[in-house]
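Keep in mind the model is a prediction, meaning the values are calculated, not measured.
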Amino acid sequence: MAAAAAGGESRGDRGARPRDCGCKGVRSCLLCERERGGGVSGTLPPQKSAHFIYCPETGLAVGRENSESAGWAFPFPGVTLIRDFVSAEEEAELVRLMDQDDWKLSQSGRRKQDYGPRVNFRKQKLKPGSFAGLPSFSREIVQRMGTYPVLERFLPVEQCNLDYHPERGSAIDPHLDDSWLWGERLVSLNLLSPTVLSMSQDSGERLQLLSVAQQRTRNSGPNDPKTGDLSDSPSPRSVPCDQVEVAIRLPARSLLVLSGAARYQWKHAIHRQYIESHRICATFRELSAEFCPGGKQGELGQELLEIALSFQGKPV
């Protein structure tokens, strides 16, 4: 999810003392905020007025209780949450194997391990570089993914492990993953602790809401006896898209798949307050159509895929 960031010098230092984090620009973590004597955090989430929680059972974003959005909902397509994708024993072993390799400092209090080609997204250029494949311990994980219909023919060509810790104030800003190189599905395995993925938009358009009862009617049909009498249901309302935030709760050991609107129209973020204990996320990305057979760069895509699925990689 995040680009590489090498550690630099501390802001305001006259000497060449290296920083203890990978932050630069407007990004910050607790380490560099303490170093410069406090002040306003560079990772404060934007304040939204309409708060919703994603419901995996219905596919709806439902207004948070005790908020102005309570009782309202809207469809939130493109999210699949698979609970207990790995066991507690598998989780412990995955983390043990990850920790055998070095973690690099990254932005906003994160550490990372990248397994993928060297990419310049701004110039849209890439080359294999030292990429030798996904790590060996991911082979079984990738095979298991393919047993779920939503991940049919999912062939990841990149894996990024991100390490979050509350003592560093770890977070990741709202962003959309690249769509020139990376394809339809983004897949993330959440390890060690639960967290919340926050979804938002910058659009100035308005989002149409219906009452929760009206949404049930749409899903079950007007003649379903379970819907009851809806004659007193409130009229539909709308809210500005840029004021909406949808929280997706991610249990430990769960697998999240984002596709469609959730992938291309909604930015995703992890706010600092939702990192309450040590968390590791392994994100897998597939190739876009341009790098698949028949695409403009299909041959290069095939080369990268063969390297990736050799499962002989080390962090690059």
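- Around the CZ atom of Arg96, the shell of radius 6.0 Å holds more than 12 heavy atoms that belong to other residues, nucleotides or ligands.
- For the pair Arg185 and Phe154, the cation-pi criterion (under 6.0 Å, within 45° of the ring axis) is not fulfilled.
- Residue Asn120 places its CG atom among more than 12 non-hydrogen atoms of other residues, nucleotides or ligands, all under 6.0 Å distant.
- Here the closest heavy-atom approach between residue Gly109 and residue Cys23 is recorded as N-SG, 4.0 Å.
- In summary, Asp163 and Arg110 do not engage in a salt bridge, as defined by a charged side-chain N under 4.0 Å from a carboxylate O.
- No side-chain heavy atom of Glu35 sits under 4.5 Å from any side-chain heavy atom of Leu31.
- Connection of Ile248 to Val257 is not established within any shared hydrophobic cluster, with ILVMFWY side chains joined at heavy-atom distances below 4.5 Å, either directly or through further cluster members.
- For Glu299, the CD atom counts as loosely surrounded, since its 6.0 Å shell holds 12 or fewer non-hydrogen atoms of other residues, nucleotides or ligands.
- With respect to the salt-bridge test (charged N to carboxylate O, under 4.0 angstrom), the residues Glu33 and Arg272 qualify.
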Item to check | Check against side-chain contact (heavy atoms from CB on, under 4.5 Å), Tyr264 and Ser179 | outcome: CA-CA 8 Å; Tyr264 294 111; Ser179 57; 3.8 Å; yes
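- When side chains are defined from C-beta on, Leu30 does not count as touching Glu167, because their heavy atoms never get closer than 4.5 Å.
- Between Leu258 and Leu197 there is a side-chain heavy-atom pair separated by less than 4.5 Å.
- In this structure, Ser193 contributes its side chain and His278 its backbone to a donor-acceptor pair below 3.5 Å.
- For Arg285 and Glu158, the salt-bridge test passes: some basic side-chain N is under 4.0 Å from an acidic carboxylate O.
- When side chains are defined from C-beta on, Ile172 does not count as touching His268, because their heavy atoms never get closer than 4.5 Å.
- Counting all heavy atoms, side chain and backbone alike, Ser200 lies closest to Pro174 at OG-CB, 4.1 Å.
- Under a hydrophobic clustering in which Ile, Leu, Val, Met, Phe, Trp and Tyr are joined whenever their side-chain heavy atoms come within less than 4.5 Å, directly or via other members, Phe284 and Val95 fall into the same cluster.
- Val196 and Ile82 end up in different hydrophobic clusters when Ile, Leu, Val, Met, Phe, Trp and Tyr side chains are linked at under 4.5 Å.
- Shown here is Arg206, whose CZ atom has more than 12 heavy atoms of other residues, nucleotides or ligands within 6.0 Å.
- The closest side-chain heavy-atom distance from Leu304 to Leu126 is below 4.5 Å.
- For the residue pair Ser138 / Gln159, a side-chain donor-acceptor distance below 3.5 Å is found, with atom types taken as modelled.
- Judged by distance alone, with hydrogens and angles left aside, the side-chain atoms of Tyr54 form a donor-acceptor pair with the main-chain N or O of Val79 at under 3.5 Å.
- Contact check for His51 versus Glu68: no side-chain heavy atoms found under the 4.5 Å cut-off.
- Phe131 approaches Val157 most closely through the heavy-atom pair CZ-O, 3.5 Å.
- For Pro135 against Phe311, the heavy-atom pair with the smallest separation is O-CD2, 3.4 Å.
- Using bins of under 30°, 30° to 60° and over 60° for the plane-to-plane angle, the ring pair Phe74/Trp266 lands in the parallel bin.
- Within 6.0 Å of CD on Gln100 lie more than 12 heavy atoms contributed by other residues, nucleotides or ligands.
- Side-chain contact check for Leu287 versus Leu181: some heavy-atom pair is nearer than 4.5 Å.
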Item to check | Derivation and outcome, side-chain contact (heavy atoms from CB on, under 4.5 Å), residues Leu151 and Leu255 | outcome: CA-CA 11 Å; Leu151 290 173; Leu255 191 78; 3.8 Å; yes
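- Note: Ser254 OG to Arg249 CZ = 13.0 Å, rounded to the nearest 0.5 Å.
- Residue Ser69 holds its OG atom at 12.5 Å from NZ of Lys48, rounded to the nearest 0.5 Å.
- Two different hydrophobic clusters hold Phe85 and Leu256 under the rule that ILVMFWY side chains link at heavy-atom gaps under 4.5 Å.
- Salt bridge Arg263/Asp177: absent, no basic N to carboxylate O contact under 4.0 Å.
- Rounding to the nearest 0.5 Å gives a distance of 7.0 Å between CZ of Phe121 and CH2 of Trp180.
- Proximity of Gln113 to Trp103: side-chain heavy atoms (C-beta onward) are separated by under 4.5 Å at one or more points.
- A salt bridge links Asp114 to Lys112: one of the charged nitrogens lies within less than 4.0 Å of a carboxylate oxygen.
- More than 12 heavy atoms of other residues, nucleotides or ligands shown are found within 6.0 angstrom of CD on Gln124.
- A side-chain donor-acceptor contact under 3.5 Å links Ser170 to the backbone of His165.
- Annotation for Pro56 and Leu81: closest pair CG-CD2, 4.1 Å, computed over non-hydrogen atoms.
- Rounded to the nearest 0.5 Å, atoms CG (Asp84) and CD (Glu90) are 10.5 Å apart.
- At least one donor-acceptor pair under 3.5 Å links the side chain of Lys104 to the backbone N or O of Val316.
- To the nearest 0.5 Å, atoms CZ (Phe52) and OG (Ser198) are separated by 14.0 Å.
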Next on the checklist: For a side-chain contact (heavy atoms from CB on, under 4.5 Å) check, start with the C-alpha distance between Tyr164 and Ile280, then their side-chain angles and the critical distance, and finish with the verdict.
Outcome noted: CA-CA 6 Å; Tyr164 294 74; Ile280 290 177; over 6 Å; no
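- Note that CG of Leu189 is 8.0 Å distant from CD of Glu91, once rounded to the nearest 0.5 Å.
- Linking ILVMFWY residues whenever their side-chain heavy atoms come closer than 4.5 Å, directly or via other members, places Tyr115 and Leu155 in the same cluster.
- Remark: the Glu245 side chain and the His271 side chain contain an N/O donor-acceptor pair separated by less than 3.5 Å.
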Next on the checklist: Does Gln265 form a side-chain contact (heavy atoms from CB on, under 4.5 Å) with Gln201? I'd like the steps, not just the answer.
Outcome noted: CA-CA 7 Å; Gln265 298 175 22; Gln201 287 190 12; 4.2 Å; yes
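- A donor-acceptor pair under 3.5 Å links the side-chain atoms of Asn190 to the main chain of Pro251, judged by distance alone.
- Taking both residues in full, the closest heavy atoms of Glu303 and Pro128 are given as OE2-CG, 3.6 Å, listed atom of the first, atom of the second, then distance.
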